[in-house]
Amino acid sequence: MTTATFIEDNNFEQLLADSETMVVDYTATWCGPCRVISPLIDRLAEEYEGRVNVFKLDLDKNKENAKKYGIKSIPAVLIFKKGEVVEHLVGKASYETFKEAVDKHL
């Protein structure tokens with residue numbers, strides 16, 4: 001089973017450059033709603049394997065990235081297309097919401 005991999009500030013830009021479409025779940029271990037959507041993000045990683053790169057980024061360890069992309073509330077899921085943010089979802093949402101957001105950018 002494929003799951004979303006945790007990434008760090010230091011490899012974010014390279015992953016972004018290497019990805020046509022990339023989903024990043026901005027999360028933290030202490031965040032209850034983040035734990036709720038975590039399995040949904042893993043499900044996206046599995047369903048879109050080979051088509052979309054799906055990652056998680058721990059805000060407590062990667063503050064620069066959060067600042068760069070204006071993350072003020074979590075969970076926040078950003079979808080990047082060719083290096084640009086094309087979708088910004090904040091808060092708990094259903095799997096269908098995340099799936100529809102990804103599908104419209106494929």
Side-chain angles (χ1 to χ4, degrees):
M1 181 173 140
T2 303
T3 59
T5 306
F6 274 90
I7 59 174
E8 306 284 330
D9 279 348
N10 64 357
N11 65 350
F12 183 89
E13 292 300 324
Q14 186 60 51
L15 291 167
L16 188 60
D18 292 345
S19 301
E20 173 77 17
T21 306
M22 184 165 107
V23 175
V24 181
D25 172 22
Y26 290 81
T27 187
T29 55
W30 49 264
C31 170
C34 297
R35 288 192 298 270
V36 170
I37 72 159
S38 182
L40 306 180
I41 301 304
D42 288 338
R43 185 172 161 196
L44 276 180
E46 185 170 6
E47 184 170 337
Y48 290 92
E49 185 176 15
R51 296 186 293 153
V52 176
N53 292 323
V54 181
F55 300 108
K56 296 178 183 179
L57 190 133
D58 187 326
L59 289 182
D60 290 332
K61 298 176 184 172
N62 300 283
K63 296 184 186 317
E64 289 304 311
N65 192 284
K67 187 185 302 180
K68 178 177 181 177
Y69 291 103
I71 306 300
K72 301 202 184 313
S73 297
I74 56 174
V77 176
L78 270 58
I79 301 173
F80 296 85
K81 181 82 172 183
K82 297 182 181 174
E84 299 295 322
V85 176
V86 293
E87 194 86 28
H88 188 146
L89 304 158
V90 178
K92 290 189 300 184
S94 68
Y95 178 74
E96 289 72 27
T97 299
F98 294 122
K99 183 175 173 18
E100 287 172 13
V102 170
D103 284 344
K104 76 178 173 182
H105 299 292
L106 286 181

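For clarity, every value in this text was computed on a predicted model and none was experimentally measured.
- The line from OG1 of Thr5 to NZ of Lys56 is 9.5 Å long, rounded to the nearest 0.5 Å.
- Listed for the Lys81 side chain is no donor-acceptor partner under 3.5 Å among the backbone atoms of Val86.
- Within the model, atoms CD of Glu84 and CG of Leu78 stand 11.5 Å from one another, a figure rounded to the nearest 0.5 Å.
- In this structure, OG1 on Thr97 lies 11.0 Å from CD1 on Ile37, to the nearest 0.5 angstrom.
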Worked verdict on Val52 versus Leu106 for side-chain contact (heavy atoms from CB on, under 4.5 Å): CA-CA 8 Å; Val52 176; Leu106 286 181; 3.5 Å; yes
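- Listed by first and then second residue, the salt bridge (Lys or Arg N to Asp or Glu O under 4.0 Å) pairs that reach into residues 88-103 are Glu47-Lys99, Lys99-Asp103, sequence neighbours excluded.
- In this structure, Asp60 and Trp30 have side chains that are in contact, with non-hydrogen atoms separated by less than 4.5 Å.
- Here the closest non-hydrogen pair linking Ala4 and Asp42 is N-OD1, 3.0 Å.
- Scanning all heavy atoms of the two residues, the minimum distance from Phe12 to Leu57 falls at CD1-CD1, 4.0 Å.
- Pairing each heavy atom of Cys34 with each of Tyr26, the nearest pair is SG-O, 4.4 Å.
- By the side chain to side chain contact (heavy atoms under 4.5 Å, CB included) test, Lys61 pairs with Glu8, Asp58, sequence neighbours left out.
- The existence of a salt bridge linking Lys63 and Asp9 is excluded, since no basic side-chain nitrogen approaches an acidic carboxylate oxygen closer than 4.0 Å.
- Under the 30°/60° scheme for interplanar angles, the aromatic rings of Tyr69 and Phe80 are found to stand perpendicular.
- A single hydrophobic cluster is not seen to contain both Val77 and Met22; linkage of ILVMFWY side chains at heavy-atom distances under 4.5 Å, directly or through other members, places them apart.
- Linking ILVMFWY side-chain heavy atoms closer than 4.5 Å, directly or via other members, places Leu15 and Leu59 in a single hydrophobic cluster.
- Counting heavy atoms from C-beta outward, Phe55 and Ile41 have side chains that stay 4.5 Å or more apart.
- Atom CG of Leu44 is separated from atom OG1 of Thr2 by 12.0 Å, given to the nearest 0.5 angstrom.
- Residues Thr27 and Ile74 share a closest heavy-atom pair of C-CD1, 4.2 Å.
- Of all the heavy atoms in Ser19 and Asn53, the pair that sits closest is OG-ND2, 2.6 Å.
- Across all non-hydrogen atoms, the minimal contact from Ala93 to Leu40 is O-CD1, 3.3 Å.
- One distance of note links NZ of Lys104 with CD1 of Ile79; it measures 8.0 Å at 0.5 Å rounding.
- Tracing side-chain contacts under 4.5 Å through hydrophobic residues (I, L, V, M, F, W, Y), one never reaches Val90 starting from Ile71; they form parts of separate clusters.
- The hydrophobic cluster containing Val36 does not contain Leu89, counting ILVMFWY residues as joined when their side-chain heavy atoms lie under 4.5 angstrom apart, directly or transitively.
- Summarising the geometry, atom CD belonging to Glu20 is positioned 12.0 Å from atom CG belonging to Asp18; distances are rounded to the nearest 0.5 Å.
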